[in-house]
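What follows is a short report on a single structure.
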Amino acid sequence: MNSPGEPLPTFDEVLLCTPQTSAEQVGLFLRRCLIPCRGGEKIYSMLYADELSYEVSCRAEELFQSLQHYNSAYRLIILCNCEREHSYIPSVFSQYKVHMIPQRPLPEIQQYLQHHYRVTRPSGSAASVFKDNMCVGIVSSKRAGVGK
């Protein structure tokens with residue numbers, strides 16, 4: 001985000017974890033991250049790793065330990081909820097823990113995201129549904145189940 005021209009992460013650089021995330025999904029992600037290839041200097045992000053089941057977390061740690069010697073220059077960020085730091089993955093990687101607070105003001109972050117998510121030619125695009133021709137949007141309600 002330091003440069004507005006920098007692209008957003010691609011689909012292969014991000015793993016959004018849920019309790020249903022399988023060991024195979026985590027394994028594929030870790031292999032992409034830890035085994036060197038011609039893909040360049042990507043930064044891999046595992047989001048909500050604290051949500052992984054205990055079994056999947058154990059297998060992920062074992063795979064990480066066995067693959068990390070292939071690439072000493074890997075770039076992996078594991079984001080977890082600080083309220084779930086007792087979970088397996090945050091505990092295993094606790095020696096590398098960094099408490100993160102956004103360094104940019106919210107309007108600057110929003111402007112960066114708007115730059116990357118704006119549809120330049122909205123003709124016939126579903127993006128015309130969202131404000132300012134954005135191709136993504138968040139719909140929320142304080143009441144559950146009101147047609148979102």
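Quick caveat, the model's predicted, so the values are computed rather than measured.
- Taking both residues in full, the closest heavy atoms of C33 and R75 are given as SG-O, 4.1 Å, listed atom of the first, atom of the second, then distance.
- When S22, C17, C58 are each tested for a side chain to side chain contact (heavy atoms under 4.5 Å, CB included) with L52, only one passes: C17.
- Here the CZ atom belonging to F29 is positioned 16.0 Å from the CD atom belonging to E24, to the nearest 0.5 angstrom.
- Note that CG of L76 is 7.0 Å distant from CZ of F93, once rounded to the nearest 0.5 Å.
- Taking all atoms of both residues into account, the shortest heavy-atom contact from A49 to M46 is CB-SD, 3.7 Å.
- Note: L15 CG to L79 CG = 11.5 Å, rounded to the nearest 0.5 Å.
- For the atom pair Q110 CD and R104 CZ, the distance stands at 14.5 Å (nearest 0.5 Å).
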Test log, rule side-chain contact (heavy atoms from CB on, under 4.5 Å), inputs T10 and K42: CA-CA 9 Å; T10 58; K42 294 183 176 187; 4.2 Å; yes
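- Residue-environment remark: CD (Q65) exceeds the threshold of 12 foreign heavy atoms within 6.0 Å.
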side-chain contact (heavy atoms from CB on, under 4.5 Å) between T18 and Y48, worked out: CA-CA 7 Å; T18 68; Y48 303 114; over 6 Å; no
Working for side-chain contact (heavy atoms from CB on, under 4.5 Å), residues V56 and Q25: CA-CA 10 Å; V56 171; Q25 290 171 309; over 6 Å; no
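- Of the inter-residue distances, the one linking I35 atom CD1 with Q68 atom CD reads 12.5 Å to the nearest 0.5 angstrom.
- Separation of atoms OG (S91) and NE2 (H86) is listed at 8.0 Å; rounding is to 0.5 Å.
- Between L34 and F64 the shortest heavy-atom distance is CD1-CD1, 3.6 Å.
- No more than 12 heavy atoms of other residues, nucleotides or ligands sit less than 6.0 Å from atom OH of Y117.
- Shown here is Q114, whose CD atom has more than 12 heavy atoms of other residues, nucleotides or ligands within 6.0 Å.
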Working for side-chain contact (heavy atoms from CB on, under 4.5 Å), residues L30 and Y74: CA-CA 10 Å; L30 288 175; Y74 65 88; over 6 Å; no
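- In this structure, Y70 and P36 approach most closely via the heavy-atom pair O-CG, 3.5 Å.
- Of the residues listed (V26, D50, I78), the one engaging I89 in a side chain to side chain contact (heavy atoms under 4.5 Å, CB included) is I78, and it is the only one.
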